Amino acid sequence: MYEIEDFLCNMNVSFVERRYAEVKHDICGKSFLGIEKLMWSLWALGISLELIAILSHVLSVRLSGSRREKYEQDLEDQENGLTRADIY
């Protein structure tokens, strides 16, 4: 028991506090900021992908009318005996 008290009184562990502060700054100051930037970039990417999906759907619906007209024209041409080679 005396040896432990002797050891506790004489040991110098001030480096632990200094290293703890450095590690805390590195983890909380640098790593979490990087993770936060990654999180915000993924949010921005997700929102932009949602907007792209909505816009592609709108364009698909708007352009479907012209595709229907072309399809109907192709059907009429085929009924008249024309093939694609004759049309183009």
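Residues: numbered from 1 along the sequence shown. Side-chain atoms are counted along with the backbone in the values below, which use heavy atoms only and exclude waters and symmetry mates. Keep in mind it's a predicted model, so treat the numbers as computed, not measured.
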A.B. asks: Side-chain donor-acceptor contacts of residues 33-50 below 3.5 Å, not counting sequence neighbours, with atom names and distances?
C.D. replies:
residue : atom : partner : partner atom : Å
S41     : OG   : K37     : O            : 3.2
S41     : OG   : L38     : O            : 2.7
S48     : OG   : A44     : O            : 3.2
S48     : OG   : L45     : O            : 2.8

A.B. asks: Could you tell me which residues satisfy salt bridge (Lys or Arg N to Asp or Glu O under 4.0 Å) with K30, sequence neighbours excluded, listed by chain and number?
C.D. replies: D26
A.B. asks: What are the two closest heavy atoms between A53 and S56, and how far apart are they?
C.D. replies: O-OG, 2.8 Å
A.B. asks: By the rule that ILVMFWY residues connect when side-chain heavy atoms come within less than 4.5 angstrom, directly or transitively, which residues belong alongside L55?
C.D. replies: none
